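Input: a single structure, listed below in structure tokens.
This chain uses plain numbering: 1 for the first residue, then up along the sequence. All of these numbers come straight from a predicted model, not from anything done at the bench.
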Amino acid sequence: MYPNDGFRELERQECLRLLAQVPVGRIVHTRQALPAVLPVNFSLDSDGAVLLRTSAASELARAVDGTVVAFEVDEVDAVAHSGWSVVVTGAARVVRDPDEHERLTRTGPRSWAPSPEEVFVRIEPELITGRELVGGRSLYGVRLSP
């Protein structure tokens with residue numbers, strides 16, 4: 001990050017706090033050797049892993065199982081020209097352990113588009129980065145007061 005570029009790097013704990021505040025993020029994975037981005041609802045597990053719930057027959061479950069993915073959440077204030085973004089990078093896997101699946105059925109995310117047979121995808125956070133736009137700017141380049 002460049003000094004004085006208007007952004008502040010966020011610490012890991014701050015990133016986890018922000019992740020827990022929003023209901024929807026974007027998973028970035030590879031589809032036919034090209035980047036693919038899908039909006040998904042999610043939750044965080046007690047260990048900080050990102051949890052998704054999807055149809056067992058979904059392309060998403062097949063595409064990400066056993067691969068490294070990125071997961072991004074953000075919040076933007078278009079009027080104040082401010083906001084933040086958090087990216088989690090790590091290995092994704094479909095949860096196959098029956099006990100873990102049962103636990104996540106009770107505590108994990110609820111699907112916004114339920115299907116008869118659902119699976120959970122766990123993204124283990126190997127890298128968590130975030131940044132915040134510090135102070136907005138008006139259209140004329142003048143810093144807005146907080």
Minimal non-hydrogen separation, [X] against [Y], with atom names:
| X | Y | result |
| --- | --- | --- |
| A49 | P125 | CA-CD, 3.8 Å |
| S55 | V119 | O-CG2, 4.1 Å |
| S43 | G108 | OG-C, 3.8 Å |
| L52 | P109 | C-CG, 4.1 Å |

Listed by chain and number, what are the salt bridge (Lys or Arg N to Asp or Glu O under 4.0 Å) partners of E102, not counting sequence neighbours? R106
Sorted by first residue and then second, give each salt bridge (charged side-chain N to carboxylate O under 4.0 Å, His left out) pair with at least one member in residues 80-95; sequence neighbours left out. R93-E100
Taking only residues at least two apart or on different chains, which pairs with a member in residues 40-54 satisfy salt bridge (charged side-chain N to carboxylate O under 4.0 Å, His left out)? D45-R103, D45-R122, D47-R122, R53-E118
Transitive ILVMFWY cluster of L51, excluding itself - 4.5 Å side-chain cut-off: V95, L104, F120
ILVMFWY cluster membership beyond V68 - transitive side-chain contacts under 4.5 angstrom: none
Do T129 and V86 touch side chain to side chain, with heavy atoms closer than 4.5 Å? no
Examine V69 and L38 and state if one hydrophobic cluster contains both, with Ile, Leu, Val, Met, Phe, Trp and Tyr joined whenever side-chain heavy atoms are less than 4.5 Å apart. yes
Same apolar cluster (I L V M F W Y, side chains within < 4.5 Å links), L44/V87: no
Enumerate the side-chain hydrogen bond (donor to acceptor under 3.5 Å, both in side chains) contacts for residues 59-69, please, sequence neighbours excluded, ordered by first and then second residue. R31-E59, D65-R96
Just list the side-chain donor-acceptor pairs under 3.5 Å for residues 14-26, sequence neighbours left out, or say none.
{"residue": "E14", "atom": "OE1", "partner": "R8", "partner atom": "NH1", "Å": "3.3"}
{"residue": "E14", "atom": "OE2", "partner": "R8", "partner atom": "NH2", "Å": "2.8"}
{"residue": "R26", "atom": "NH1", "partner": "E72", "partner atom": "OE1", "Å": "2.6"}
{"residue": "R26", "atom": "NH1", "partner": "D74", "partner atom": "OD2", "Å": "3.4"}

Here the gap from I128 atom CD1 to Q13 atom CD, rounded to the nearest 0.5 Å, amounts to 8.5 Å
Out of curiosity, F7 CZ to E132 CD, how far, rounded to the nearest 0.5 Å? 10.0 Å
side-chain hydrogen bond (donor to acceptor under 3.5 Å, both in side chains) against T89, all qualifying residues, sequence neighbours excluded: none
Can you run down the ring-ring contact (aromatic ring centres under 6.0 Å, His included) pairs that involve residues 40-72, sequence neighbours left out, and say none if there aren't any? F42-F71
Considering only residues two or more places apart or on different chains, which pairs with a residue in residues 17-39 satisfy ring-ring contact (aromatic ring centres under 6.0 Å, His included)? none
Sorted by chain and number, sequence neighbours left out, side-chain contact (heavy atoms from CB on, under 4.5 Å) with T30 holds for none
Could you check V40 against L60 for side chain to side chain contact (heavy atoms under 4.5 Å, CB included), going step by step and ending with a plain yes or no? CA-CA 10 Å; V40 292; L60 175 64; 4.2 Å; yes
CD of E126: more than 12 outside heavy atoms within 6.0 angstrom? yes
